[in-house]
2 protein chains.
Amino acid sequence: MTAPEMSSSVARDAAMLNESMLRAGAELMFFGYRSFTQDPDKILAERDYGRAHHRALHFIGRQPGLSVAGLLDILGVTKQSLARVLKPLIDDGFVEQRVGESDRRQRLLFLTEDGQAFEERLSAPQRARLARAFNQAGPEAVEGFRSVLELMMDDEQRAQASAVIGEARLP
Amino acid sequence: MTAPEMSSSVARDAAMLNESMLRAGAELMFFGYRSFTQDPDKILAERDYGRAHHRALHFIGRQPGLSVAGLLDILGVTKQSLARVLKPLIDDGFVEQRVGESDRRQRLLFLTEDGQAFEERLSAPQRARLARAFNQAGPEAVEGFRSVLELMMDDEQRAQASAVIGEARLP
DNA sequence: AAATTATGTCAGCGATGTTGACATAAATAT
DNA sequence: ATATTTATGTCAACATCGCTGACATAATTT
């Protein structure tokens, strides 16, 4: 049943990449992600907010009119988890809910002016950090960064991520 | 006070990278990191372990004889946080402590055989994922991935990460 | 002998995730 | 029309993993 060209890609991978390179890759992900999140984390700590609040603000700001179900799908959390994040954001006047026009069961999510301002304040240092890294690394490196991260996802996740990220090709 | 050549690098960055590219970069980090952690997360859930346990096992396995202070430094958490992770790992027979030879206040950390086996079981699918992505993306892309993540760190963090990752250059 | 260092531990708090159960309103299916 | 399904909200309980503050012990350094 196994065609010759099907010979284990795991074996081929092992042949070309030694363990220390893979370990280094994992450690880069750990240290890199920590750096990536540290700027907004500091701002979030002013209020009793965490990363989850930033993520919600980010994706609502990106797709105004997103439904609760849509946001749940993107974030990959339970509705109970989301509620604990969304409720304070609504109470604090950062997120607004409007009843769906075509489907009045839906609560469509929008950032208020304050929400938009806060989201930008959170994202600004993170984007500056990315911009600095992208510029110093150069366009080919950015394309490599993008392709490795995309290829690290499962097909399903990659499809979802692509749908969210959209055409905005990185390089 | 501002020299002409000091003209805001933020402005230059903004000139070359539009906002949608930076947003896409941030989203790639989010989705990519989620994919990166999902395999070990499933295994960790068998016991009452989380990512922090994996990280501790990883870095102890990488630098056997690491001191508690050394591990605290790498992980960037408080000793109270680490204790909650380390104590179960010791109780479960995955990590062993030995009194330091030169300084007998130190508790040097080692993986037991079981600990080594468990760490490998946790890391295997993660490394396979990385290997697949690296191979499909190609060596230049991997170098780009590495350089962008490194440049995303502050100088201090980059120095620390480089010290941990070591010579094992990625590409 | 005194101060500092490495480590451990107790107690409490906050953010973020989980499962399970139940409620309501609106849309859809029979 | 009635029944079912869907979208959302909410209550309760629990686990992980970060934090601060306080205190203790043993070993090293001053």
Side-chain angles (χ1 to χ4, degrees), chain A residues 30 33-34 37-38 40-60 65-92 95-109 122, chain B residues 30 33-34 37-38 40-60 65-92 95-109 122:
Chain A
F30 168 62
Y33 197 75
R34 182 161 74 183
T37 54
Q38 71 181 351
D41 280 356
K42 281 174 203 154
I43 300 169
L44 291 159
E46 291 173 10
R47 291 161 188 277
D48 285 350
Y49 286 175
R51 272 176 216 176
H53 299 82
H54 184 195
R55 289 197 287 264
L57 289 170
H58 173 99
F59 287 110
I60 295 170
L66 188 64
S67 70
V68 171
L71 185 53
L72 283 175
D73 202 45
I74 290 170
L75 296 176
V77 298
T78 59
K79 67 177 169 178
Q80 296 92 326
S81 284
L82 179 58
R84 196 161 28 192
V85 165
L86 207 47
K87 202 164 184 291
L89 288 174
I90 292 166
D91 291 346
D92 292 347
V95 171
E96 190 189 344
Q97 290 183 313
R98 297 184 208 155
V99 171
E101 292 181 12
S102 57
D103 185 339
R104 288 188 359 202
R105 290 172 304 180
Q106 291 183 325
R107 296 298 123 90
L108 307 185
L109 303 168
L122 287 170
Chain B
F30 169 62
Y33 197 76
R34 181 159 74 185
T37 54
Q38 72 182 348
D41 280 356
K42 281 174 200 152
I43 300 170
L44 290 160
E46 292 172 10
R47 290 160 191 276
D48 284 350
Y49 285 174
R51 271 176 217 175
H53 299 82
H54 184 196
R55 288 197 289 264
L57 290 171
H58 173 99
F59 286 111
I60 294 170
L66 189 64
S67 69
V68 170
L71 184 54
L72 284 174
D73 201 46
I74 290 171
L75 296 175
V77 298
T78 60
K79 66 177 171 180
Q80 296 93 325
S81 286
L82 178 58
R84 195 162 32 194
V85 166
L86 207 48
K87 202 164 185 291
L89 289 174
I90 291 167
D91 291 346
D92 292 348
V95 171
E96 191 190 343
Q97 289 183 313
R98 297 182 208 155
V99 171
E101 291 180 13
S102 57
D103 185 337
R104 291 186 1 204
R105 290 171 304 182
Q106 290 183 325
R107 296 296 122 92
L108 307 185
L109 303 168
L122 286 169

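Reminder, nothing fancy here: chain letters follow the sequence lines and each chain counts from 1. Quick note: numbers below take in every heavy atom, side chains included, and nothing from hydrogens, waters or symmetry partners.
- Taking atom OH of Y33(B) as the reference point, atom P of dG17(C) lies 14 Å away to the nearest angstrom.
- To the nearest angstrom, C1' of dT7(C) lies 14 Å from NZ of K87(B).
- Ring geometry, Y33(A) versus Y33(B): the interplanar angle falls under 30°, so the pair is classed parallel (tilted spans 30 to 60°).
- Against DNA chain D, the stretch residues 101-108 of chain B makes heavy-atom approaches under 4.0 Å through D103(B), R104(B), R105(B).
- Residues T37(B) and R51(B) have side chains that bring a donor and an acceptor to within less than 3.5 angstrom of each other.
- For L72(B) and dT20(D), the CG to C1' distance is 15 Å, given to the nearest whole Å.
- A pairwise comparison of heavy atoms in I90(A) and Q97(A) identifies CD1-CD, 3.6 Å as the closest pair.
- In this structure, the CG atom of L71(A) is 11 Å from the P atom of dG9(D), given to the nearest Å.
- When the side-chain nitrogen and oxygen atoms of T78(B) are compared with OP1 and OP2 of dG18(D), none of them lie within a distance under 4.0 Å.
- If K79(B) and R84(A) are placed on DNA chain C by their nearest nucleotide, the residue sitting closer to the 5' end is K79(B).
- L108(B) places none of its side-chain heavy atoms less than 4.5 Å from the side chain of L66(B).
- The V68(B) side chain lies nearest to dG8(C) when the options are dT9(C), dT8(D), dG8(C).
- Considering all non-hydrogen atoms of both residues, P88(B) and A83(B) come closest at CD-O, 4.0 Å.
- Using a 30° and 60° split on the angle between ring planes, H58(A) and H54(A) fall in the perpendicular class, above 60°.
- When the P atom of dT5(C) is taken as reference, atom CG of D73(B) falls 15 Å away, rounded to whole Å.
- At most 12 non-hydrogen atoms from other residues, nucleotides or ligands lie less than 6.0 angstrom from CD of E101(B).
- Within the structure, every side-chain polar atom (N or O) of S81(A) is placed at least 4.0 Å from both OP1 and OP2 of dT16(C).
- Listed by residue number, the members of residues 41-54 of chain B with any heavy atom below 4.0 angstrom from DNA chain C form an empty set.
- Nearest heavy-atom pair across L71(B) and A56(B) is CD2-CB, 4.5 Å.
- Across all strands shown, G70(B) has no heavy atoms under 4.0 Å from either base or sugar-phosphate atoms.
- OP1 and OP2 of dT8(D) both lie 4.0 Å or more from every side-chain N or O belonging to Q97(A).
- Atom CG in L75(A) sits about 13 Å away from atom P in dT8(D), given to the nearest Å.
- One interatomic measurement links the two molecules: CG of L82(A) to P of dT10(D), which rounds to 12 Å at whole-angstrom precision.
- Here the side chain of R34(A) pairs a donor or acceptor atom with the backbone of L75(B) at under 3.5 angstrom.
- If you take CD of Q80(B) and P of dC23(D), they are 14 Å apart, rounded to a whole angstrom.
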